[in-house]
Structure formats: C-alpha cells, structure tokens
Amino acid sequence: MADFTELPKAYEAAAVEGDIYAAWEKSGAFNPDHAKGEPFAIIMPPPNVTGVLHLGHALENSLMDTMARFQRMRGKRVLLLPGTDHAAIATQAKVEKMLMEQGMKNPRQELGREQLVEKIRTFAEESKATIINQIRTVGTSADWSRLAYTLDDQRNIAVKELFVRMYKDGLIYRGYRVVNWSVKGQSTCSDDEIEHVERPSKLYTFKYAKDFPITISTTRPETKLGDTAVAVHPSDARYQQYIGKVFTVDVGACRVLEIKVIADEAVEPGFGTGALGVTPAHSAIDFAMYEKQKAKGEPIGIIPVIGPDGKMTADAGAGYVGLSVEQAREKFVTWLKTEGLLEKEEDIVQSVGTSDRYGDVIESIPMTQWWLDMNKVIPKRDKTLRELMREAVTVGAHGNAPVRITPDRFTKLYLDRVENLRDWCLSRQLWWGHRIPVWYRGEEMYVGTDVPLGEGWEQDPDSLDTWFSSGSWTFTTLGWPEKTQDLKTFHPTAWMTMGYEILYLWMMRMVLMSTYALEEIPFKDAYIHGILRDEHGKKFSKSAGNGIDPIEVIHQYGSDALRISLLFGISPGNDSRYYTEKIESGRNFTNKLWNISRFILTTIGSDDVASTTKTLADEWILSRMSEVAASVTQKLETFQFSAAGEELRDFTWGDLADWYLEIAKVEKGKKIILTELLQTILKLWHPFMPFVTEHIWGLARFDGKLIVAPWPTGPSDVGAHGNAPSPEFERLRLLVTDMRRLRQEQGIEAAKKVEFIVIDHVGAIHELPLQELVGQNEAWIMRLINGSCTSNKIAMPDGYVVAQSGSATIGLNLAGAVDLEKEKAKAEKELEEIEKYISSTEAKLGNVEFTAKAPEKVVQGMKDKLAEAQAKREALKKRL
RNA sequence: GGACAUUUAGCUCAGUUGGUUAGAGCGCACCGUUCACAUCGGUGAGGUCGCAGGUUCGAAUCCUGCAAUGUCCACCA
C-alpha cells in the first residue's frame, strides 16, 4: 500500500493534467474502434480558424465532453469527432485586415489569388494548431484519429459531390437577381451574414418632376435615378387613374426616367404617401415587383445605378457617374431643392443592413449568382428542401424521430425561420473556400466534380458560402460520399450542442444537407446553450477588451475547476456570466474532492480492521449514495448538467465530507465502505472533472481505467443499499445541529466542560457519536434519556437552558444561571409558530377536496409532518 | 412592427409535468486552526418569488393584462 500521507495538501492541477491527457490519448480510450456497445456520436461544432478559443468554446467543450464521458462510462461506443472550420469570409476578412494593418492597400490586387490564399492558409494552419491544442487542454475526449477540417481534401470531394447532385436535381440554379453586396469585401453575403444596425437617417418626400402626379418618399434618393416604376396599392382610390400609365420625367444631369405606375398588394396605402418609387436594381422588394410584372406580361425596366465598386454607374447619368453613393445623394437632394420638388425632409432612425465581417453597409445590387432553391420539389422525393427542414423537427422522416431541441422553445423559432427562408445565395467572390465546381468555355457550361476534358475550360472564380461545407459536417466527417462503416455506425449522430446564435445559420443547414443527401435527420438531440458573458453581462469581444483566455484560467485554476464553474448555475438556452468568484469556487471544490480522497486513502491505508456490521451512519450514507447516483444519472440523461453537478456537489461536500467522514473518524473500521464510497464518487464526478478524478484513481491504484469504468446507476452498483435514507439519521443530524446552536447561543467557550441532557421518546440516540459531533471530545458530559422512558416521568432539571429539536428536548446545564423569563418567551414564540403551522396543516388535511384530489404521497407526507409538529408542540407546552 | 426570453436572498443564478414551512454558490455576522482540507469547519442573519387580476383543494410554477430589461427577426419605402 502506497503512503498517501506524503500527498500535497492542495491539489496541483497544472502539475498533472498534461500527463493525464497524454495517457488517455495513448490508451486509445477516445477511439471508438476499440469499444463495443451502442454507438453514440457527437460531432464537434468546428471552431473557426480565425484565432484562438474563448471561454464560450470552453463551455461548449465542457458540455460535449461531459456528455461523451458519461455515455462512454455507461458502456456506449462513443465517438466525439473533432474538427475546425475554415470560416471562409471570416478568415479571409481577418487576414486581409492584418495585411492592411501591415501597410498593404489592396491585398487581393497586390498578391493575387494564389499568394493571398497561401497567406490565409498559413494563418489558418497556425490557428488550427493552437485551437487543437486548446481543445486538448480543456480535456475534451475527442478521437483525434478522425480529426476533420471543413476545407481539407476529403471535405472538398464531398462538397463538390453535393453541389453537383443538387444541380442535377435542379435545386441549384444560376440566376440574375438582387444580392446582398459588401463593397468593402467585394463579395455577396447571405441574409444571415447581415447585421441590422439602427442609425439616424433622413426620409425625403418629393416628386420626380413638377408634372408628375404622385409624391413618393425614400431614404435613398440616389437610387431613385434607377427608378422604373411607382407602385400603389391596387385599391387605392387616389391613384386609380394613373395605374398603367407611363410618365417620362427629366431628373436633371442628362437623365430621363420612364416611370410606369403599377399596382401591387405589397404597398401599404396608409404608409407615407401610399406610393412607392420602385428601384428594381437596388431593393429586394422592388426586384420582386419587377419579377411579378415580368410574369404578368407588363414588364418594367431594371437600371443598376450603383456598381459593385459602390460608385454610381454610367446609367445614373452623366452628372452622377463615378460619384460615391453619399455624393450622389447630396447632389440629387440639392437638385430636388432647387427645382422645388422636395416636399419634406425628416429625421428618422433606420435599421441598416451591415456586413458582419467587413462592417460596411450592404448594397442591394443585381448580379448573376448561384442559388439554392428552397421551393422546388426534389425529383423522386415529392418534397422541397423547405419541407424537409420543417418535417425534421415536427414529424420526423425516413424512420428518424424528429430532432428534440432542448429547450424546446427553439423549435418554434426554427420553424418560423424555415417558413421565411429565401433562396440561398451560394456563391461568394472570395478566394478562401471551396471553389464552385463549374467550368465555362464560351457559351458552354460544365458542372461536375472534376475538370472537364478538352481545352479552354475556365473554372468559375467564385467560392461556396462557408455554411455549405459546415452544413454537411455531420456526414462528410464520417466519410460521405463513400459508404463508410463510420457513416453506417454513427449517422444519424446522437447529440449535438450549439449556441443559439447559430441555430439558424448552422442547424437548419445541417438538417437541409443531411435530409437531402442521406435521407437522415443528422442528430437525435440538439442541446442549445446560451452565450457566456462577462461579470457585467457584456458579451466577450476583442473590441471591448474583456476577453479571457481559457488556457490562462486553466493554468491558474485547473481544467476541472473551469469546467464545473462553467457548467454549474446554467440552464439551457440562457446566457450565463463568468466571474472570478465562480472559478474560485470551482477550484475550491476540486480541492475539497482532493482532500476527501486524501483522507479516505490514508484512512484505509492505516485502518486495517474492517467492521462487518453496518452502523446507522453507514446505512445512511450508502443509501444516500445510491439515491444520488440514480438521480445524477437521470439528470444527465435529460441534459440537466447543472442540476446533476450541483446535486453531486451537495452530496460530496455536505453529506459525505461534513457528516459521514466526521463520524467515520470516531466509528472506525470502515475500510470497505470508504473504498466503495470513494470509487463511486470518483466515477460520478469523472464526466465533470476528468483530470482530478483520474489522478486520484491512479494514485489509489484502483482496478482498470476510470475513463471506461462502469457507471454507477443505482443500488446494485453501490452495494445493495436500496432503502430510502433512514429518517432516524436525519433526526439525529438535526439534533446535533440544534445542540451546536444552543451552545453557540449561550456563548459557551469551546473548552468549557458542560453537561447536556437530551430527552427523547423514540429513536436511537446512542447510534451516533453525539459527543464528538457536537463539540470537543473530552470537554462534554452528556446524559441521554431515551427509549423506554415515558414522557410524563421526565422533566428537565432546573438550571438548564432548553431547546427543542423536533420531538426531542435538549437541555444545557448553565448551573442555575438561566434567564427563565427569556427561556419562557423563546418557547412561547416557538409554540406560536408551531401552532400556526399545525392549524394550517390541519385545515388542509381537513379539506375533503384536498385529500380526495391530491396524490397519496403528498397527503401522507403532510400527515407525517403534522405528527412531528404535534409532538414538538407537546414538548414545548411542557416547558411553559 | 412581430417574436422570444428574463424579472426569485446584498450579488450571480437553480427551481423538470402545480404539491411539505422556496434552494445553491459567493458575500455578510459571530465562533473555531497541531486532529484530510483556512482553497477549511461550525452557527446564523437575509426572500410579500416584478406588479395586478384569474383558474385550482393548492400557484414561484398555469392563464390574462401591465411594467422593466435583454435578444432575435422584418422588404414601412
């Protein structure tokens, strides 16, 4: 037996964690190929390779890893598949920004495609290495042999295959439509990449010309140079006479507009003038009208007046070409004023679409791009992609149950979003990403996974939206499009976690891709976590300067401490705060567990006599243990990480350390029980705190590896103590607390020799080492009167100060120096409270409605409480 | 404009189908240190569960309305 007395008094996390992780990895425990049992796969949400991990990632990893380790110990064949995301626009924007800070004016022009991509790749590889290292540091039990990257060759094959299939199914099309355009980024972006920022703006109300009959309003006067129609509501009496008419108006600077008055339901008659200047080229809603008119056979024109460079085009007129949007606006408004056409100019607050990566205002510009159709029926499937996304969370499909989203309120949000999805613009004018698998030669176009045969083919210069590859992440990581064993074993995956901020961006796309390509719903459960904020509730961000490096925290406090401090006190879908006191409390508990273990190990090392009979305390702690094990299991099964951990902490610290171990010091002979208790709590804690538990398990030389030790779930695993915790013990525990309080209330010095009398009618007072528990061993004298005595015959002698503990009466000898008046008043107050409680409880129990309708358990519980309260009342009465 | 969330002890938050006299951590007050742990032990103070109605034998929990805060969505030009 090793000598445990030499172990350090405080747990030194930094000294052991690295070696422990390396040993796990080496043992192959992370790799499911070495395991049996029912498959349980968690695919890691791949962190962006834009930098380093933050605390939010640490939270996500803690959730994933706790679930993975729990399931692994339960005998499942667990795959936690790690990976990183190339994050197309985010990474390219970041590297371009860095290059510009280093003095480059236009990195794309100066470096060209190949060199810039190389720069980005170098950066990405560096952050990838950092990130992977960080994931190891937090202890995530990921299978590194299956490490994936959204931009590696394997994923490239899959992405191309997916694109080609969708194209062949007619879901992907090339179309000239209004896109979201970032001038700064020189690329399209999807609706989801736009952040709406409120800012002050001006609303101008004006007429195109003196002889034009309708007044319109706009916040973007410069775009009016591209107007081709004015839309009014079809039933608006004011404008009936004009519908269908075409007006030619001179807007100065060599521009003449042909404006047709059209009717459209989308126009609100009550808003502004009830008429809307239609700019098909620079507004999504106006473009929709343009298409509607075209379909009706009454086409209107489309005139782009803003170019991709953010400057006015030649079509804006000779006086405007080359001007910036702002300059053009000023010029046009000035012209309106001089012509007397401007009727009103109001200050308003407007929500402006802004690029979340490049930060500039998004322009709507018509362009030819690649799109994914949400409304087209998939051949041989009889359903649209939108329908596939819908049924995946409602009725399920292909024999898969619907995804269970925790908390389920997000299901409704998801569905609302699915209904409002527009076609997805897939192409980006970025260089960092999967290149679109399309080649052109003159008028010819080829869509395929490989370069077409023959001379002169040029590949589409654009790349795919980053979510195209991350959307297919659950199955491309498992080897699709090959029919691999992994795919068969682990897909659909079991459990997935993500922050609510990417529920739309990511989850919908994963569902879309998986239900389309595999006819499988990609996961059974989606657990949505909140955002981690700083102590003031602010989001962590670089610009706010409140970022915290999880690795530094781990270095100082240990990975386990960080994990439990992130996991405790949270609830799914809600934000949580991080602050120093929390991590300290995590560290303190880790240390507590360390010292509990140290005590048990030294005790079982020296205490070689094992008692064969169980004491009251033994029975109590073992039944509590099995009760807690069952409850923690149930909570983890339902993803209640916080509740499970806190229950376990309360048991470990409160029941085990503060009570049982103190009793064990006196009772002795507990080698077997203490060993069993230590093993069980180490197992139960392992998913939450893998390092310290593994470290202790190793020091103790317990059998096997903790990481794959069988999970304790109930009585049979902790030694057949299935009975409910003894109420007798709980009563005695209360008695001890009450005795301690009485001593403190009387201000008795710790070393003073005093005498207690405890009068009780039932119970096993002698079954607890009361003297030791209440105070200093030698200094106390205690007379216990219980069991056979009848209450009438026993009275507390004079000179004792008295307290009530349940039905027991405690007397503390003050050698006559008792304030009888005060004592009486105290008892009276207590009696008053208990009377109140008794009468309200009696009233409840007397209510037939209650006894008839409430569950038996509730009624019985109340009766028991009442009986106890009545006993206490009798005892109190005797003292008055 | 729409939707969602939050409001419980000084602070940060739990509270799972409505059911004992509402909990935790931190903080606070008092007592305690050779005995696993001061990163500790003991004891205690502290809450009309945002407000107003309603349903129910019973409401922090369900319903309605209101208020404050936060988040997301939206093509009000």
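Please read all numbers here as calculations on a predicted model, not as lab measurements.
A donor atom on one side chain and an acceptor atom on the other are found under 3.5 Å apart for Q870(A) and E842(A). Judged by distance alone, the side chains of S840(A) and K836(A) never bring a donor and an acceptor atom under 3.5 Å apart.
Here the P atom of nucleotide rC72(B) and the CG atom of D575(A) are 10 Å apart, to the nearest Å. For the pair H529(A) NE2 and rA5(B) P, the interatomic distance rounds to 19 Å; values are reported in whole Å.
Distance check on atom P: rC40(B) versus rU48(B) gives 31 Å, rounded to whole Å. Nucleotides rU21(B) and rG58(B), compared at atom C1', are 15 Å apart to the nearest Å. Taking the C1' atoms as reference points, rG47(B) lies 14 Å from rC11(B), given to the whole Å.
The base of rG42(B) sits within donor-acceptor range of the side chain of Q744(A), with an N or O pair under 3.5 Å. In this model, a side-chain donor or acceptor of E662(A) finds a partner on the base of rA36(B) within 3.5 Å.
Contact check, R741(A) against rG44(B): a side-chain N or O comes under 4.0 Å of OP1 or OP2. Within the 4.0 Å cut-off from OP1 or OP2 of rA74(B), not a single side-chain nitrogen or oxygen of N420(A) is found.
Of the two residues near RNA chain B, D650(A) and S217(A), the one whose nearest nucleotide lies more 5' is D650(A).
The partner of rC72(B) is rG2(B), judged by Watson-Crick or G-U wobble contacts that both fall below 3.5 Å. rU17(B) is unpaired under the Watson-Crick or G-U wobble criterion, no partner having all donor-acceptor distances under 3.5 Å.
Using a 4.0 Å heavy-atom criterion, one finds that R577(A) contacts the sugar-phosphate atoms exclusively. Among the atoms of the strands shown, only primed sugar atoms or phosphate atoms (P, OP1, OP2) are found under 4.0 Å from some heavy atom of K9(A).
Relative orientation of the F641(A) and Y527(A) rings is perpendicular, given thresholds of 30° and 60° on the angle between their planes.
Relative to the ring axis of W659(A), R740(A) places its NZ or CZ within 45° and under 6.0 Å from the centre.
Annotation: side chain of F410(A) is not in contact with side chain of K412(A) (no heavy-atom distance under 4.5 Å).
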